Each structure stands twice: as structure tokens, then as C-alpha cells.
Amino acid sequence: MSTREARRRARPSIGLALAVLVAVSTALLPLARVVEPGAWIAGSFAIIVLVLATGYTARRFGLPPLAVSLIGLGVWVVTITAVFARGSALLGVIPMPATFREVPLLIDAAMTQVRDGAAPLIAGTPLSFVIVAAAGLLAIAIDHVVVTARMPLLAIVALITIYLIPSIAVPQSIDIGIFIAFAVGLLLLLGVETATRARGSSAEGTRRSADDLAPTERTRRGTAVTAVGVGAVALVVAIVATPALPAPVLGGTSVVAVRGNSIDPSLDLGRDLRRPQDTEVLQVRSDAPAPPYLRAVTLSRFDGDDWQPDRGLTASLDEEFEPVAVDPDVPIVEYTATVQVVNYVSPWLPVPYPAVALEGIEGDWSVLPQNRTVISRSSSPQGQDYQITYDVARPSAERIRASEATIEADSPTLGLPEDDPAVIAIREQALAVTSATSSDYDALVALQRWFRGLEFEYSLNAPVRSGFDGTGLEAVQEFLEVKSGYCVHFASAFAIMARTLDMPARIVVGYLPGTATNESIDDQTVHEVYSSQLHAWPEVHFEGIGWIPFEPTNSLGVPTAFASSATSGTADGFAGEAAPLASQAPSASDAPNETDRTDGTDASTGTTGVNAGPPIGLALAVVFVLALPGVWRAIRRRHRLIVAHTGDAAAAWDEASDTALDLGIALPRGESPRVLGRRLVDEEGADAAAMAVLVAAIEHVSYAPPKTKDPRAAEPPLDDAVRTVRASMLAVADRRTRVTAALIPRSLFGRRAAEMRAAR
């Protein structure tokens, strides 16, 4: 072979580099549904282009594969350093020890945001660093696997896995546009790689005539047709079949995306919390140390089956609120909060508690004096921007211990069905939990600690599976046995147990404080409140102090605890009483989220998390990815057998050779077909007669002189010989080898990789 010919064959393919670019870029598109679009998109695309261009250029200079990958990695390091850590780098691009010390901090901050944030996340510097850096490494890996190792299927499996991760994390409806783009990217990668491989093979200077090469050309065309067929089937399933499937059903209620947000005062919050889509509801900012919980509805009446929202005579907002009534020795701190309604439609207006003044609201609104909730029968809160002044009582721990949890005897907040067996059982449990306490406050703190302990777990789905997704006595009794549920079950159980101890208790429905943003107005951080932060919590009335909120929901929010007068004298962080503990207040997001945990998880207190997705969906995705190599190998075998039936010796021999590779049999490059055939017969149990047919066919095609063929003559079929050889070798192999060959076919990962695995 001439030097010119060798250089021509070694020249890299610009088409293959572009195909890798398209495939990697489209695999990252679903991230835009989990992370708010921003600079990370341009950064990811730029670094993918940069490392692929570096690899292409290095190959044009004839550098070896290892050098190509190392140069690409070097360019990646310099680029990431220049963008994210130039302050600690030499000349802004060369990483120094201080630079490497920054990396774990960035990764830790990004992982904290992923764990503690509600989708869609806002990509700050840490999260952008992780995404852009990962995109560059992915491009380097896929470039090496496809261009150097020539293992496109392995690259496709990796890209499919990357593509599925955001969908598993945040289950949503299929985005047809993204799916089509990704499918086209994979088909383009497969097609260009196949064509590049074919061009390389055709340049080897074999002695085949045009007629001899015709079957191989048919094989390539058949492979392309098969790939297009697989892609077409996938598109048809996504576009036609998927929308036709019924929506998933949880607890008898279809889970569908609902435009706009409201509050169900019947405490049937499970459907809202299990929505597959999350939307922004409100924006709130406050001058309090921590953003307040926003209450909308208060439920005081309980008949044993349902909690009913408070009703009664209302007062006009034109009149002033009643002042907060506390004993003179109880301090009160005044705060102001501003709420902007983004996408919320309800008769109840979200306000902090206890509100004492409301300004800026438009329309006909009234206040229920007994619980300070704001309601309207004719006006909408949508698009409103209003300011609330609220006064928070801050008793010391000693002061609240000295106060009894009591209220007037006819209050509905004490009512329970008499002589109900469930009430008796729940009371016994409450007495057992609080037996070591000596005050009403300590008893309630003991209940709160018990619910937030290791015995209980947060789960949106466990109540549905176990059939107690409600708030009645029977549902609460079942919840106390299963010890798994969400905010409604924790709040209802806490309130009922408090009532069995003769303490007045009620339930509040509203929203958690929200997720901190980078925006600040008047030195107040703006928090975004999402539909997934819909929440329910209990309150208990203390004489001389008023209604005190508690947070029993496991792994959510900050539990109520008042400090001793010997210390700061403030409460630890419910409804704006104090800033969350340092360990519970990540810089990017300190708001809890009702939909961020699945069964068996126990996130840290006061944090949120991206939904990890249904276990069934995750299992199916894993099974799909693991089964893909075997399915693709079966498709390739079927196609080769069809072509071998037309007499294509190359397809028949390739299938027999790949069968040997799948079974872990080494195929040295210098071994001729005749020597290999004899070895497979003598050592691996291949059928001698069938192998002789295949050897004769491939030798005739490879070494016989060109001859003129009768166009009416047909080549003898070779597919039966291939089947016989394969069956005979499988019969001799042990079960483990056969299973490995079916699930992880070595031939799909390239002949060189297969031989290395076989050599081990």
C-alpha cells in the first residue's frame, strides 16, 4: 500500500465527528425540563464542539488514539478552569492546587441543590459547572468509543441512559420534539459510523470483483434499512401509541396536568401533590429572618370522617384586623411580607399568620376573624400583588410550658366522635408517646419528635397502595400502623392525637415558604412558591399565647421548638419565627417541597429534592437499557441470515465469526478462515459439514479470480449452514456462557474489545 493511500485511509471523518456532536447534544436536551434554560446550555454545546473539534484535528495529524483522548482531556481541563475557576488558576487557565480544592466544593454545592431543590432547578455556578463539565467528558468518551474503538452500540446505550435520567427524575409527558431530535441523532450516528466503516473496509484492496462485492453492498443497505425501520417503529410508538394510553391512576383519580392552581379545602391534596408537572404559584418576600408559611384555609370541624373548613361571619378588609391577643409577658415581633400571585386561582388568599393588616389587594375580600384567613366569593387573586403585616408571638420555652393548651369548651377544635374504637386506640397511642412529659407543650413536642423520627417515612404513594389515602379516623389509625404517608396524614394524626389529650387542635392548608431565588427587592430575597409546595400542618391553641403551629411531617420543614429565656428567647423557625438552622438552609434553596421524596427516603429536615421517579418506571428503564444489546444483536443476526440466504458469503461468515466472539472464543487477526474453521470444529464443537460449506464460500469469494456470472444464476443459500454452526457451538457451551452471549454480546463492542475480553 502506498504512503498516499495509507494517509487517505487514516484521514478522520468530519461526518462522523458531526454525527457525534448531534447525538451528544440531543441526549442532553431533556435536561432543559429539569434545569431552567440558561447559560449552561450554551456552555455545554460550546465545550462539546470544542473537544470534538480537538479530537478531529488531532486525528488529522495522525496522532495515536491515546494521544487524541489525552489532548481532548487537556483542552477540557483548560476550558473548565478558564470558565469556572480562573481566579485560582495560573494565567487563568492552568489549574493549581487551590483550583482542585474548589472542585469538591462546587460539586457538593451542586449535589445539594439537586437533592434539596424542586424542579425546574435554577442553574447557578455550581450546577452549571457540573453540567458543562459532564457534557465535555461525555463528548470525549463518546468520541473515543465511536471514532477510535468503533463501538457505536455501546455509545448509543450510554446516550440513551443519559437521555432517560431527567425523565426518570421528574416524570412528565413525552416531549415529542425532543424525542424525535434524539432518535434522529442516534440514527444519524449509526448510519454515518456504518458508512465510514464500510468505506474503510472497501479501501483494503481485496481481489473482489464488482459482482463479488454486490452481496456486501446489499448487507450495508440492509443494515441501514434495519436502522431506519427501528427508528420508525420507535417514532410511531411515541407519537401514536403513547398518547393513546390511559393516564396513570392513583387512588382512583387520574393524574393529569392541571393548568392553574387552587386549594382543595377537603384535604384531598394527594391528587395535587402527585401532579406530574410543577408550576410556579406565588412569589413572596419578607423582612422576617425566614420566609413565612402562607396559610389559605383553616379546618377546625372534624366529624370522624372529614375535616371541614371554617365558616362564619366575615369582616370587611376596610376595617382593621383585631389585634393579636396575648398575655403582657409574651413578646410580639412585627414582620411584613409581600406576595405576588403568579398562577393561583382560589377563594382563599394566601397570607402569613397572624395577619394584622393587608394592603394593595384589589376586589371584594373579607376576613374570618377567628382564624384571620382572607376570602372572597367574587374576586380572584390571580395577578394580585399585596403586602401583609403579621405579628408573631415569641414566648420563651419556660413561658409556653407554663401555659395550658386549652380553649373555650364549645370550640369545634375539641370535637371528636364519642366511644369510637378508633378514638380509643389513637388516644392510647398518644398517651404512650407522651407518658414521660409533664406539660402540654412538652407532650406536643414529643408527638412532633415521634412523627419525625426513624419509625415514620414520607411517601405520596404508600397511602394509595395501602388504601388509607384519607384523613378520617380509620385512615389515621391505618397510617399509625403503616407509618408512611404525606403531610395530610401527619397533620391529621397529630391534630386528632392532640384532641384525644383534650388539647384544642386544627389543621391549616397553605403553602411552604418557597424556594430562594437570586433576585432581591429592598434587600429582601424573593422566594418562588410552586404547586408542589402545597402543604398541611396542625396548630394547637395555648392560653394567653394563641395558636402555635407544629410541623410533624417527617423530613419536611423545621420542627417547632421554643428557646429558653436564658438564651435568645426565640423560636426555632416555624412560620417566620427564626431563620432555619445553618445545616438546613442551603444558599440556593431553603424551601421544603411536598413532592420531592419517594418511598423509603429520608431527606434532611427543611430541604427539598427532585422527584426520583416511580420505582416501576426506573425498573423498566433499567431493564430496557440492559436488554438493548441482546435485542440489537438478535436484529443483526436476523438480517445477516436473510442476506446469507441469497448466497452472501461475507454475511454468513461474519455471523459465524461473531457467534464465536459472543461465546468468548478468541479470533486472532492472522488466522485464515480455513484454520479458524478447523479450530472451531475441533475445539468448540462446530458442525464439520456446515463449517466446511461456510469456509469454502468465504474462500471462493476472497481468493478466487473474478469471473463472469450468469445473472440468472443464484448463489446457494448459506443461512442453514450458519444456523447449524451456531446451534452446535451453543450446545457445547455451558449455561453461563450462553446467557452472557445473549445478554452482553461481545461482538457488538468491536472485534478488538471482544478479543481482549476473551483473552481474560
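Only a predicted model underlies this, so the values are computations on that prediction, with no experimental measurement involved.
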For the side chain of [X] and the backbone of [Y], is there at least one donor-acceptor N/O pair under 3.5 Å apart?
{"X": "Gln387", "Y": "Thr336", "answer": "no"}
{"X": "Asp440", "Y": "Ala405", "answer": "yes"}
{"X": "Thr434", "Y": "Thr437", "answer": "no"}
{"X": "Ser531", "Y": "Thr279", "answer": "yes"}
{"X": "Ser564", "Y": "Ala397", "answer": "no"}
{"X": "Arg499", "Y": "Ala505", "answer": "yes"}
{"X": "Tyr458", "Y": "Cys487", "answer": "no"}
{"X": "Arg452", "Y": "Thr553", "answer": "yes"}
{"X": "Gln384", "Y": "Ser380", "answer": "yes"}
{"X": "Asp522", "Y": "Gln524", "answer": "no"}

Considering residues, nucleotides and ligands other than [X], do more than 12 of their heavy atoms fall under 6.0 Å from its [atom1]?
{"X": "Glu404", "atom1": "CD", "answer": "no"}
{"X": "Gln382", "atom1": "CD", "answer": "yes"}
{"X": "Asp410", "atom1": "CG", "answer": "yes"}

For the pair Tyr293 and His535, name the ring-plane relationship: parallel under 30°, tilted 30 to 60°, perpendicular over 60°.
tilted
In terms of the angle between their ring planes, are Phe456 and Phe479 parallel, tilted or perpendicular, with boundaries placed at 30° and 60°?
tilted
Taking the side chain as C-beta and beyond, is there a heavy-atom pair between [X] and [Y] under 4.5 Å?
{"X": "Gln448", "Y": "Thr560", "value": "yes"}
{"X": "Val529", "Y": "Gln283", "value": "no"}
{"X": "Asp391", "Y": "Val333", "value": "no"}
{"X": "Val130", "Y": "Leu106", "value": "no"}
{"X": "Phe321", "Y": "Leu358", "value": "yes"}

Say whether [X] and [Y], considering side chains only, have a donor N or O and an acceptor N or O under 3.5 Å apart.
{"X": "Gln533", "Y": "Thr515", "result": "yes"}
{"X": "Thr517", "Y": "Glu528", "result": "no"}
{"X": "Ser300", "Y": "Asp310", "result": "yes"}

Shortest non-hydrogen contact from [X] to [Y]?
{"X": "Thr406", "Y": "His541", "value": "O-ND1, 2.9 Å"}
{"X": "Tyr353", "Y": "Tyr390", "value": "O-CD1, 4.0 Å"}
{"X": "Ile507", "Y": "Ala536", "value": "CG2-CB, 4.3 Å"}
{"X": "Thr525", "Y": "Arg285", "value": "O-CB, 3.4 Å"}
{"X": "Gln477", "Y": "Ile426", "value": "N-CD1, 4.5 Å"}
{"X": "Ala498", "Y": "Leu444", "value": "CB-CD2, 4.0 Å"}

Could you give the distance from [atom1] ([X]) to [atom2] ([Y]), rounded to the nearest 0.5 Å?
{"X": "Leu534", "Y": "Leu294", "atom1": "CG", "atom2": "CG", "answer": "11.5 Å"}
{"X": "Ser403", "Y": "Asp327", "atom1": "OG", "atom2": "CG", "answer": "7.5 Å"}
{"X": "Met497", "Y": "Ser492", "atom1": "CE", "atom2": "OG", "answer": "11.5 Å"}
{"X": "Arg311", "Y": "Ile375", "atom1": "CZ", "atom2": "CD1", "answer": "8.0 Å"}
{"X": "Arg372", "Y": "Trp547", "atom1": "CZ", "atom2": "CH2", "answer": "13.0 Å"}

Test the Arg301-Trp307 pair against the cation-pi criterion, namely NZ or CZ under 6.0 angstrom from the six-membered ring centroid and within 45° of the ring axis.
no
Distance-only criterion, 3.5 Å: show the donor-acceptor pairs between side-chain atoms of residues 412-420 and protein atoms not counting sequence neighbours.
from   : atom 1 : to     : atom 2 : distance (Å)
Thr413 : OG1    : Ser411 : OG     : 2.6
Asp420 : OD1    : Ala422 : N      : 2.8

Checking Phe494 now: which residues fulfil ring pair (Phe, Tyr, Trp, His ring centres under 6.0 Å) with it, not counting sequence neighbours?
Phe550
Hey, are Glu478 and Lys483 close enough for a salt bridge, meaning a charged N less than 4.0 Å from a carboxylate O?
no
Asp442: which residues meet the salt bridge (charged side-chain N to carboxylate O under 4.0 Å, His left out) condition with it, sequence neighbours left out?
Arg401
